[in-house]
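Right, one structure below, let's go through it.
Quick note on labels: first sequence line is chain A, next is B, and so on, each numbered from 1. Just so it is clear, the model here is predicted, and its values are computed rather than measured. The figures that follow rest on heavy atoms only: side chains count, while hydrogens, waters and symmetry mates do not.
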Amino acid sequence: MNNQILQNFDVNGFQKDLIDWYQTNKRDLPWRQTQDPYKIWVSEIMLQQTQVDTVIPYFEHFIAKYPTVYDLAHADQQDVLKMWEGLGYYSRARNLQSAVREVVNSYDGNVPDDPKALGSLKGVGPYTKGAILSIAYDQPQPAVDGNVMRVLARVLNADDDIAQPNVKKQFEHIVRAMIASDDPSSFNQGIMELGALICTPKEPMCLFCPVQAYCRGFQAGNEQQLPVKSKAKKQKEVHYTVLLIRNADGKYLIEKRPDNGLLANMWQFPMVPVDEIGKDHMAAWFELEYGVPVTLGAVQGQLKHVFSHIIWQLAIIAAETTASQSADGRQRFVSLEELDDYPFPVSHQKMMPYITS
DNA sequence: GAGTCGTGGAG
DNA sequence: TCTCCAAGACT
């Protein structure tokens, strides 16, 4: 990809046909009912690496509970995480609230329309910045996501590896030269919508494509080969034993995860890293580490949970304790009803069938 | 640049 | 069951 790639490319025709198609074929989505920068912002964060159909109910509930930046800024982080429960990538929720608080404190509650100010907010990267500026503020800024790279790689017949961060920057540069200045919102959303509905990763429907006439990949017969994308390396397996510890009151011990890293500030049942500890020392290790004496019971089952870069192999064990409370503030004995108030990642929602007894 | 950060849908 | 991947950001 060089600077001449748009040489002899009919940018104006491409813009018009793309936008015309988008205007008549766009899906009716909740965040398309508004131009409120805050609501656009929330939708864009939720949509990161997440499919539209998954986001819709989360967006509705989230906006109903936090209709303005002030509502979200004043909320308890645990409640925000509860709203995010099951959506994944929980740092998105923590960063969003942190950034919203900055908007309230430093920008009088107004989402910045200045690229620099907006891009400096936590969790707002190059894509989200461009999406908010173009959709909410009608600014001709690029919003390059996976759809845009796939569509443009095909349209321009470019075989660059779209997994390389550097290539994304090149596409942003190209979009700056292609974007329709009179309707940047429809241009950006139009490419993404095209990627979602027509120019799909597999088996693109070129015969129904509104910009087929401009597509060099199609003309070259390369639409199935593009885009080029290097593969991610496979996940590493880790083994844990999950302890479902019940005390005399029928309450279970849960713990809050660390405030950094994987599933930060989410809650879970205690997990023993068996690769390091070993089965024989488990009870002793646990009492030393948690300050809670346990009597281990039978294995209830095995679970597998796959993350982007890790695979958890989990053994579920029932256990009992004589303790009724914990000295550690991140640990708590809770009743079955109270469990519903805590944000649990899906990995630990899977435990619920084992604790009905 | 490569690793970290979730989950569920689709083929 | 396996693979890819879906409106990415941060370190």
Side-chain angles (χ1 to χ4, degrees), chain A residues 22 26-27 29-32 40-59 81 84-96 98-99 118-136 142-151 161-169 171-172 175 185 187-197 199-204 227 229-236 238 257-266 268 304-312 343-350:
Chain A
Y22 174 70
K26 63 182 175 186
R27 290 168 292 179
L29 302 173
W31 44 90
R32 288 183 176 159
I40 301 298
W41 182 7
V42 171
S43 75
E44 291 301 341
I45 299 296
M46 286 187 170
L47 285 162
Q48 288 170 9
Q49 301 294 287
T50 311
Q51 301 199 97
V52 165
D53 289 342
T54 302
V55 167
I56 290 174
Y58 280 93
F59 177 80
L81 286 175
W84 215 269
E85 184 185 75
L87 196 54
Y89 285 142
Y90 300 97
S91 66
R92 292 184 297 177
R94 295 183 287 112
N95 288 337
L96 175 60
S98 169
L118 185 59
S120 71
L121 296 173
K122 267 188 190 169
V124 180
Y127 164 76
T128 304
K129 175 177 65 173
I132 294 172
L133 290 174
S134 61
I135 298 171
V144 175
D145 71 333
N147 285 310
V148 175
M149 287 195 285
R150 179 175 63 257
V151 170
D161 180 1
I162 65 169
Q164 297 301 317
N166 151 357
V167 172
K168 180 173 175 179
K169 290 183 182 176
F171 277 117
E172 285 167 356
V175 170
S185 172
F187 181 87
N188 281 339
Q189 294 192 78
I191 298 190
M192 291 190 277
E193 196 77 344
L194 188 68
L197 301 181
C199 196
T200 49
K202 293 167 187 171
E203 304 295 332
K229 187 176 183 181
S230 55
K231 294 172 189 167
K233 70 173 198 180
K234 69 176 183 182
Q235 305 98 319
K236 192 172 290 184
V238 191
R257 292 180 59 88
D259 53 15
N260 285 309
L262 184 67
L263 304 172
N265 285 349
M266 301 290 281
Q268 67 180 17
K304 177 182 180 180
H305 189 77
V306 179
F307 297 94
S308 306
H309 58 300
I310 300 172
I311 296 175
W312 278 359
F344 278 79
V346 170
S347 54
H348 281 258
Q349 293 173 30
K350 292 178 179 176

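Under the rule for a side-chain contact (heavy atoms from CB on, under 4.5 Å), the partners of A:A131 that lie at least two apart in sequence or sit in another chain are A:E44, A:Y127, A:I135, A:A143. A:Q51 is linked by a side-chain contact (heavy atoms from CB on, under 4.5 Å) to A:T54, counting only residues two or more places apart in sequence or in another chain. Listed by chain and residue number, A:Q77, A:Q78, A:L81, A:R94, A:K256, A:D259, A:R330 satisfy the side-chain contact (heavy atoms from CB on, under 4.5 Å) test with A:N265 (two or more places apart in sequence, or in another chain). Applying the side-chain contact (heavy atoms from CB on, under 4.5 Å) test to A:Q48 and every residue at least two apart in sequence or in another chain returns A:I45, A:R92, A:T128.
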Practice problem: Classify every nucleotide of nucleotides 4-11 of chain B by which part a protein heavy atom approaches to under 4.0 Å, writing B for the base, S for the sugar-phosphate alone and - for neither, in 5'-to-3' order. | Solution: SBBBSS--
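In this structure, A:K122 atom NZ and C:dG8 atom C1' are separated by 17 Å, rounded to whole Å. C:dA9 atom P lies 13 Å from atom CG of A:L121, rounded to whole Å. For the pair A:K304 NZ and C:dT1 P, the interatomic distance rounds to 8 Å; values are reported in whole Å. Whole-Å rounding puts the A:I45 CD1 to C:dA6 P distance at 19 Å. As a whole-Å value, the separation of A:K129 NZ from C:dG8 C1' is 14 Å. Put simply, CD on A:E44 is 10 Å from P on C:dA9, counting in whole angstrom units. The distance from atom CD1 of A:I162 to atom P of B:dG1 is 15 Å, rounded to the nearest whole Å. Summarising the geometry, the separation between NZ on A:K234 and C1' on C:dT3 is reported as 13 Å, rounded to the nearest angstrom.
Taking OH from A:Y89 and OG1 from A:T50, the interatomic distance works out to 8.0 Å, rounded to the nearest 0.5 Å. In this structure, A:M149 CE and A:E172 CD are separated by 8.5 Å, a value rounded to the nearest 0.5 Å.
Backbone-only engagement by A:R150 is indicated by non-hydrogen atom pairs under 4.0 Å involving sugar-phosphate atoms exclusively. At a threshold of 4.0 angstrom between heavy atoms, the contacts of A:E203 with the nucleic acid are absent. The residue A:R257 sits apart from the nucleic acid: no heavy atom pair falls under 4.0 Å. Backbone-only engagement by A:N166 is indicated by non-hydrogen atom pairs under 4.0 Å involving sugar-phosphate atoms exclusively. Within the 4.0 angstrom heavy-atom criterion, no nucleotide atom of any strand lies near A:W312. Among the atoms of the strands shown, only primed sugar atoms or phosphate atoms (P, OP1, OP2) are found under 4.0 Å from some heavy atom of A:T128.
Among residues at least two apart or in separate chains, salt bridge (Lys or Arg N to Asp or Glu O under 4.0 Å) pairs with a member in residues 187-197 of chain A are A:R27-A:E193, A:R32-A:E193.
A gap of 16 Å separates the C1' atoms of C:dC5 and B:dC5, to the nearest Å. To the nearest whole angstrom, the two P atoms, one in C:dA6 and one in B:dT4, are 22 Å apart. Only the P atoms considered, C:dT3 is 22 Å distant from B:dG6, to the nearest whole Å.
Of the possible donor and acceptor atoms, one in the side chain of A:R150 sits under 3.5 Å from a partner among the backbone N and O of A:C199.
Across the interface with DNA chain C, nearest-nucleotide mapping of A:V52 and A:V124 shows A:V52 to be the residue nearer the 5′ end.
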